[in-house]
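Below is one structure; the comments refer to it alone.
Letters A, B, ... mirror the listed sequences (proteins, then strands); counts begin at 1.
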There are 2 protein chains.
Amino acid sequence: MLKKKLIDTKKIEKKPKFEENSTGTTPLVDNLISLKDIIDCKNEFKESSNEKEWNFKIASWNINGLRAWIKKGGINYLEAEDPDIFCLQETKYDHSKIHELSTLSNYRCHWLASVRKGYAGVGIMSKTEPIRVEYGISDQEFDKEGRVMMAEYEKFYLINSYVPNAGAKLVRLNYRLKWSEVLRDYLNKLDQVKPVIWTGDLNVAHNRIDLKYPNSHLHSACFTIEERNSFSEILSDGYFDSFRYLYPSRSDAYTFYTHRKPTSRHTNSGWRLDYFVMSNKLKKNLVDHVIRPLITGSDHVPIVLYLNFE
Amino acid sequence: MLKKKLIDTKKIEKKPKFEENSTGTTPLVDNLISLKDIIDCKNEFKESSNEKEWNFKIASWNINGLRAWIKKGGINYLEAEDPDIFCLQETKYDHSKIHELSTLSNYRCHWLASVRKGYAGVGIMSKTEPIRVEYGISDQEFDKEGRVMMAEYEKFYLINSYVPNAGAKLVRLNYRLKWSEVLRDYLNKLDQVKPVIWTGDLNVAHNRIDLKYPNSHLHSACFTIEERNSFSEILSDGYFDSFRYLYPSRSDAYTFYTHRKPTSRHTNSGWRLDYFVMSNKLKKNLVDHVIRPLITGSDHVPIVLYLNFE
DNA sequence: CTTGGTATG
DNA sequence: CATAGCAAG
């Protein structure tokens, strides 16, 4: 369970969120709870009491711009979380720029950028070099925006994706649905060889329980029936949503809080848009799925998958 | 003379420049000296001892973006300076936006925007409504960029201008010289009726004394011989540079410090680009010309003209 | 509201 | 380095 430190909150709330503290490190959280406290706790929402030990951890985060994320202390989170693999989406990464992640010598970094600068982009950092890295899905139409990359490991394929947003007035709904179909084929092809872990910002809240105000968003991007069905169909091919599998009735568990309503975090008006989707045959390896709603630095929050491979 | 307050400077230097102080007002200065101290002093560089009383004050400032300037507390400066007329350049003002200057009920505001959004733009705020306001100089070629406006008062015409920058590699030197010729005709036409006060960011350092490193900038925008001669010729039509008239040998008096070299203010590596040019017949009304190098909030600093009209 | 890239100074 | 506006989310 999270424990709040007893400090003068009024003073702290006036400080800039990421101001250096006395130790010279940036907490990347609301300052009321230390980063260590957050990482140490397994899951605030623990219902299932899965007592299996984990020995492999994957984290995923839509960081909403690599440069801003680093400035806000993102690396402190990464070092505290210390996952075996870290998947990033929306890096908006421009390959012409050197960045500080290369100095984290315990991670091997692989990046995929959009043709268009400052847009989309994904990355995978892992402690052990993957067997193979694949950029895009060999589709001329859908590989321009740097939205999917795959890293092969011994026991699974890891697919890191930033699914296209259907956009204001759903102008890109059709594009997004076609994109998902292509990705679906890609996943299924891989799954025939080795089980897959599909993670990232999937830009869909699957069911009513996955967003605060379902009724207001029946026709909004990320909650149209088309997007939800598309996701259901992919799952029906032999995968499962690891968070919902572990916590079937857990409401108020979100991974995204819009910046456009500044109160969205405070009122917990969020959406669950980020997932670890796994091949059914990996069920035996699943230990836990944790959401880190207290971590700041992006409009999304990190999600963490705890696995056991013996 | 400016007096420094004895406060712990180390602590203060770490603060953001425009953080609210305990009184809830924003100082808009380095925090070492209060705004009031700065305004109260007439001129740090006082050489001529002109003991005439002043009864009319005009301030001018290239504010480098109205929105940012307001956010940084520009209105605090304006209220402390309390000029009869305030001329602004580079407002980058978009008329579609309401702004807080309208709430200063003791000033009548008149604005001229560029056709192109977020570019150039000038404004005149005055305590008494001008007899007449003229926008632009009735020249099709040169009136698109919102660089000149005139306000007529009882004793003078006030011309507020933001002279075009000759640009990197002097790409716009020719445009700028033609522009100046058109303005020259405009000034002379007005001067036949009533004396003029021509102020603003004139984007020229007239002589070697008017910038820190003349030798390095013999071919830079604002110090080419063409721009300097152009300014000399306008003056020769019957005007004078009020600061240089009062302080003929004063060096190190600048009104612009580039943001590109963050040390430029600290090392006083500046340029004098902002002027009050007056018709010769107004010499008898001139009391003082003050530069406010300690005021922050823009890459330019305010200049203030003290006049006497009996 | 926030991101990054842009043009301009 | 710092401004505004842009497109996107």
Side-chain angles (χ1 to χ4, degrees), chain A residues 17 62-72 74 89-97 99 113-121 145 147 162-172 175-176 201 203 220-222 256-265 269 271 273 296-300, chain B residues 17 62-72 74 89-97 99 113-114 116-121 145-147 162-172 176 201 203 220-222 256-266 269 271 273 296-300:
Chain A
K17 260 185 192 159
N62 174 322
I63 58 169
N64 190 27
L66 184 62
R67 211 171 52 204
W69 177 80
I70 287 176
K71 199 158 64 186
K72 285 181 283 196
Q89 304 89 40
E90 246 191 309
T91 50
K92 303 183 175 182
Y93 175 59
D94 179 346
H95 278 254
S96 67
K97 290 186 188 91
H99 62 85
S114 171
V115 169
R116 173 172 164 191
K117 280 204 232 171
Y119 185 70
E145 296 187 348
R147 292 181 176 277
Y162 172 43
V163 174
N165 192 302
K169 293 180 188 172
L170 307 177
V171 283
R172 257 193 141 195
Y175 179 88
R176 178 240 161 82
D201 175 0
N203 262 325
S220 302
C222 302
F256 165 78
Y257 300 93
T258 180
H259 274 146
R260 297 182 212 185
K261 287 206 172 182
T263 60
S264 63
R265 273 200 185 226
S269 309
W271 301 59
L273 304 180
T296 56
S298 167
D299 45 1
H300 291 248
Chain B
K17 261 184 191 162
N62 175 322
I63 59 168
N64 191 28
L66 184 62
R67 209 171 54 204
W69 177 79
I70 287 176
K71 198 158 66 185
K72 286 181 284 197
Q89 304 89 40
E90 245 190 311
T91 49
K92 303 183 176 182
Y93 175 58
D94 179 347
H95 279 254
S96 68
K97 289 187 189 91
H99 61 84
S114 171
R116 173 172 165 192
K117 280 204 230 171
Y119 184 71
E145 296 187 349
R147 293 181 174 277
Y162 172 44
V163 174
N165 192 301
K169 292 179 187 170
L170 306 177
V171 283
R172 256 192 144 198
R176 178 239 160 83
D201 175 0
N203 263 325
S220 302
C222 303
F256 165 78
Y257 300 92
T258 180
H259 274 147
R260 297 184 210 186
K261 286 206 172 182
T263 59
S264 64
R265 273 200 186 228
H266 190 68
S269 310
W271 301 59
L273 304 180
T296 56
S298 167
D299 45 1
H300 291 248

Please determine, for the side chain of B:His259, which listed nucleotide (D:dG9, C:dT3, D:dC1) has the closest atom? D:dC1

Whole-Å distance between C:dA7 C1' and B:Arg172 CZ? 12 Å

Would you indicate, yes or no, if D:dG9 has its OP1 or OP2 atom less than 4.0 angstrom from a side-chain nitrogen or oxygen of A:Tyr119? yes

Within the structure, does a side-chain N or O atom of A:Lys92 lie under 4.0 Å from either OP1 or OP2 of C:dT2? no

Take atom CG of A:Leu66 and atom P of C:dT2, then tell me their distance rounded to the nearest Å. 19 Å

Separation of A:Asn165 atom CG from D:dA8 atom P, in whole Å? 11 Å

Any B:Arg116 side-chain nitrogen or oxygen under 4.0 Å from OP1 or OP2 of C:dA7: no

Whole-Å gap separating C1' (C:dG4) and CG (A:Asp299): 14 Å

According to side chain to side chain contact (heavy atoms under 4.5 Å, CB included), who are the partners of A:Arg172, at least two apart in sequence or on a separate chain? A:Tyr119, A:Glu145, A:Arg147, A:Pro164, A:Tyr175

What is the nucleic acid contact for B:Phe256, judged by heavy atoms within less than 4.0 Å: base, sugar-phosphate only, or nothing? nothing

Would you classify A:Tyr257 as touching base, sugar-phosphate or nothing, given that sugar-phosphate means primed atoms plus P, OP1 and OP2, and contacts are heavy atoms under 4.0 Å? nothing

Between B:Lys117 and D:dC6, is there a side-chain N or O to OP1/OP2 distance below 4.0 Å? yes

Check whether A:Arg176 reaches the backbone of A:Ala221 with its side chain - one donor and one acceptor, N or O, closer than 3.5 Å. no

Quick one: is C:dT2 close enough that its OP1 or OP2 comes under 4.0 Å of any side-chain N or O from A:Lys72? no

D:dG9 P sits how many Å from A:Gln89 CD, rounded? 15 Å

Would the distance check show the side chain of B:Ser264 and the main-chain N or O of B:Thr258 forming a donor-acceptor pair, the cut-off being under 3.5 Å? yes

Which sits closer to the 5' end of DNA chain C, B:Asn62 or A:Thr258, going by the nucleotide each is nearest to? A:Thr258

Would you say B:Lys169 reaches C:dG9's phosphate, i.e. side-chain N/O to OP1/OP2 under 4.0 Å? no

B:Arg260 has an atom CZ; how far is it from atom P of D:dA2, in whole Å? 12 Å

In whole angstroms, the gap separating C1' of C:dT2 from NZ of A:Lys261 amounts to 17 Å

A:Trp69 has an atom CH2; how far is it from atom P of C:dT3, in whole Å? 14 Å

Not counting sequence neighbours, which residues clear side chain to side chain contact (heavy atoms under 4.5 Å, CB included) with A:Ser220? List them please. A:His217, A:Trp271

Working to the nearest 0.5 angstrom, can you tell me the gap between B:Ser114 OG and B:Glu90 CD? 11.0 Å

